[in-house]
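The shown structure was predicted, so the numbers you read here are calculated from the model rather than taken from an experiment. Residue numbers start from 1 in every chain, and the chains themselves are labelled A, B, ... in the order their sequence lines are given, proteins ahead of strands.
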Amino acid sequence: MEKQLWDHVQTVRQQSPLVQNITNFVVMNNTANALLAVGASPIMAHGHAELDDMSRICRSLVVNIGTLDDYWVAAMFRAAVLAGEAGKPWVLDPVGAGASGYRDTTLRELLEHRPTVVRGNASEIMALAKANTKATKGVDSTAASSEALDAARSICQRYGSVVCISGAVDVVVGPAQSMYIHNGDPLMTKVTGLGCSATALIGAFIAVVDNRVEAVGAAMALMGVCGELAAAASSGPGSLQVNLLDKLYNITEEEFTTRLRISHEA
Amino acid sequence: MEKQLWDHVQTVRQQSPLVQNITNFVVMNNTANALLAVGASPIMAHGHAELDDMSRICRSLVVNIGTLDDYWVAAMFRAAVLAGEAGKPWVLDPVGAGASGYRDTTLRELLEHRPTVVRGNASEIMALAKANTKATKGVDSTAASSEALDAARSICQRYGSVVCISGAVDVVVGPAQSMYIHNGDPLMTKVTGLGCSATALIGAFIAVVDNRVEAVGAAMALMGVCGELAAAASSGPGSLQVNLLDKLYNITEEEFTTRLRISHEA
Amino acid sequence: MEKQLWDHVQTVRQQSPLVQNITNFVVMNNTANALLAVGASPIMAHGHAELDDMSRICRSLVVNIGTLDDYWVAAMFRAAVLAGEAGKPWVLDPVGAGASGYRDTTLRELLEHRPTVVRGNASEIMALAKANTKATKGVDSTAASSEALDAARSICQRYGSVVCISGAVDVVVGPAQSMYIHNGDPLMTKVTGLGCSATALIGAFIAVVDNRVEAVGAAMALMGVCGELAAAASSGPGSLQVNLLDKLYNITEEEFTTRLRISHEA
């Protein structure tokens, strides 16, 4: 499996897919840079008047609700419809699910458009499963992982989405297959938007890799391995952000396969 | 006092307050990272439909008018009302006060909501005091510090706000107490948004420290001390930004108290 | 010529022009930092209610359509009109020209306001010339440079704009004079928004240098020389971004003139 995941990293570098991002103001720069570093081509476009054209030229779509308002939400819905019509893969990042009714209502409707992949932390995935049953509550940062896993499975079953719960261990839940990735570093939680960057990378990988669980697994593995290599060379979150981009760009097969720790159990 | 200010730094790290930010597009990433680095939890949210929910879960509010337009200004007003109703502390950053009538009109109305703290440079604080008397003029970069101090006192008296004038020396003016902080480095003025980051840190400190002058003093002291330590290790504004985030994250009590230079006179 | 270009770098540092930016969400932080690093003063302002005031106090204008929507486009049109009325220089960055009909329609109208300078990559400049003849097509990343040069000349003739095609070699096309700059590094294409930063620097240089071709040449030369010096010290796009800001800030005359390679032929 390590070899296959590295092959997917290579495929992104070679095919350099154009990825449309409707994402939040906080992380736009970082996610664009993460996409460039792995060899993909990002385009950030939310204007209603160009969504059709963007859908035509992009190979995948990233929707991230981090700083949502009505104009942006309408753009997300339209882009999701277009992706569905074109059979184009897209990934949803439910940032702050459970933190407001507005987020949960928006997410409920986005889920109806059946995202190819959903990636969030345990709290967000659980809130998402609850939003889905219309019993919203606040963000819970002490998510029991078995509860999060149940939430991921229920989203996967109902919408056919591959669901990734990111955390100390990243879990990728597909309809027939799951994958656990034991990489990363706690310092990564001190840099804003690294989860959003992971989601953006998933956008690049699903554009070029048909097996969705492997695509998501490769993106998360790349982020985790590069994150821990970068953290080892950093004295805080500022240098981690810099070193992570460098490593996403220059990581070698040997570094990747040596460090990677995947399993099919937690 | 050095010991008390360090205790406040520790309190932020331990309590990790959730801070809502309605801030400008230029600095969102930096201020989120600054808040994470000191141990707080940032949330950026400006959508009208979720302001009530955000007010319920956040412990303080940061309002920064750097890239204002009508939608964002309406969000700022509503969030300020909600903070007032809930008795929740909030800080106002009057970016570019005096540069346009629109900024001054907006600031006049925001002041009526009695921000807990106002932080700006000398020109901004003077423009704010003038906006308040409806005699606006352009930004004056050669602000006499005694004039700025009078402006700060008049805002403090009229609105009950603690006012921080940041500059070569940071001055914190409260109703009964003032504090001068002689830290920082001139290179900090070559990085965009470090003032905005200081304001965001104030947002974290007023969430958990009752004495407002000490809360603001601790935030500015942390920014100043970390800034000068970071500048000493930097060869320009790019590395300063990186090193500053690292230092905000890893500063020790000894580094802080050794470097800190506070007084009750300029 | 090397000496003249360096003099222009010095002029920006000494006069520190205030530059208004109506630019995209992805690069706002980077372009503000690039402007600060070279000694200019950036202001980001797009609110309709303050465009007149901003035009009064700023010495030049940067318009960048990277993340356009109707509100922002209206701001760009108004700011372009105000610049025209005041005889104030402004630069247009046609990000993603050719990628959507909306971009091309917007650019066609912006061109009618006769930007002082247009800067884009070869694909964008060719799409712009085509948009102008109302025969839009998608982005072409394999632009033949002679075709791009023809496009630049046609825009220059029709609108009087100095046109800069950035790439492995940067070409500056003026009505009577052209300049080729053979600096830069391929790693620069892996950092988002360095083209946008180049455009922002052009905004600073046209504010203080009357000879438009030299102003643009100096900005591109500074970006190219600093970029290659920074790349030589970097292990990837993360550190390049940091090192580039440092170098824009601390470059010396000797470093600049030793590295600079300009010609009047490709």
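Smallest separation of non-hydrogen atoms from B:M44 and A:R103: O-NH2, 3.9 Å.
In this structure, the side chains of A:Q241 and B:Q241 stay at 4.5 Å or more apart for every pair of heavy atoms.
The CD atom of B:E50 sits 7.5 Å away from atom CD1 of A:I65, with the distance rounded to the nearest 0.5 Å. Once rounded to the nearest 0.5 Å, the distance linking CG of B:L51 with OH of A:Y102 reads 10.5 Å.
Among the residues in residues 11-38 of chain B, those with a non-hydrogen atom closer than 4.5 angstrom to a non-hydrogen atom of chain A are B:F25, B:M28, B:N29, B:A32, B:N33, B:L36, B:A37.
Within the 4.5 angstrom heavy-atom criterion, atoms from both the backbone and the side chain of A:V191 approach chain B.
Side-chain polar atoms of A:D69 and B:H46 form a donor-acceptor pair below 3.5 angstrom.
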Side-chain donor-acceptor contacts of residues 219-240 of chain A below 3.5 Å, not counting sequence neighbours, with atom names and distances?
{"residue": "A:E228", "atom": "OE1", "partner": "A:N183", "partner atom": "ND2", "Å": "3.2"}
{"residue": "A:E228", "atom": "OE1", "partner": "A:G184", "partner atom": "N", "Å": "3.0"}
{"residue": "A:E228", "atom": "OE2", "partner": "A:N183", "partner atom": "ND2", "Å": "3.4"}
{"residue": "A:E228", "atom": "OE2", "partner": "A:R259", "partner atom": "NH1", "Å": "2.9"}
{"residue": "A:S234", "atom": "OG", "partner": "A:A230", "partner atom": "O", "Å": "2.7"}
{"residue": "A:S234", "atom": "OG", "partner": "A:L240", "partner atom": "N", "Å": "3.3"}
{"residue": "A:S234", "atom": "OG", "partner": "A:N243", "partner atom": "ND2", "Å": "2.8"}
{"residue": "A:S235", "atom": "OG", "partner": "B:D246", "partner atom": "OD2", "Å": "3.2"}
{"residue": "A:S239", "atom": "OG", "partner": "A:S235", "partner atom": "N", "Å": "3.1"}
{"residue": "A:S239", "atom": "OG", "partner": "A:G236", "partner atom": "O", "Å": "3.3"}
{"residue": "A:S239", "atom": "OG", "partner": "B:D246", "partner atom": "OD1", "Å": "3.3"}
{"residue": "A:S239", "atom": "OG", "partner": "B:D246", "partner atom": "OD2", "Å": "2.7"}

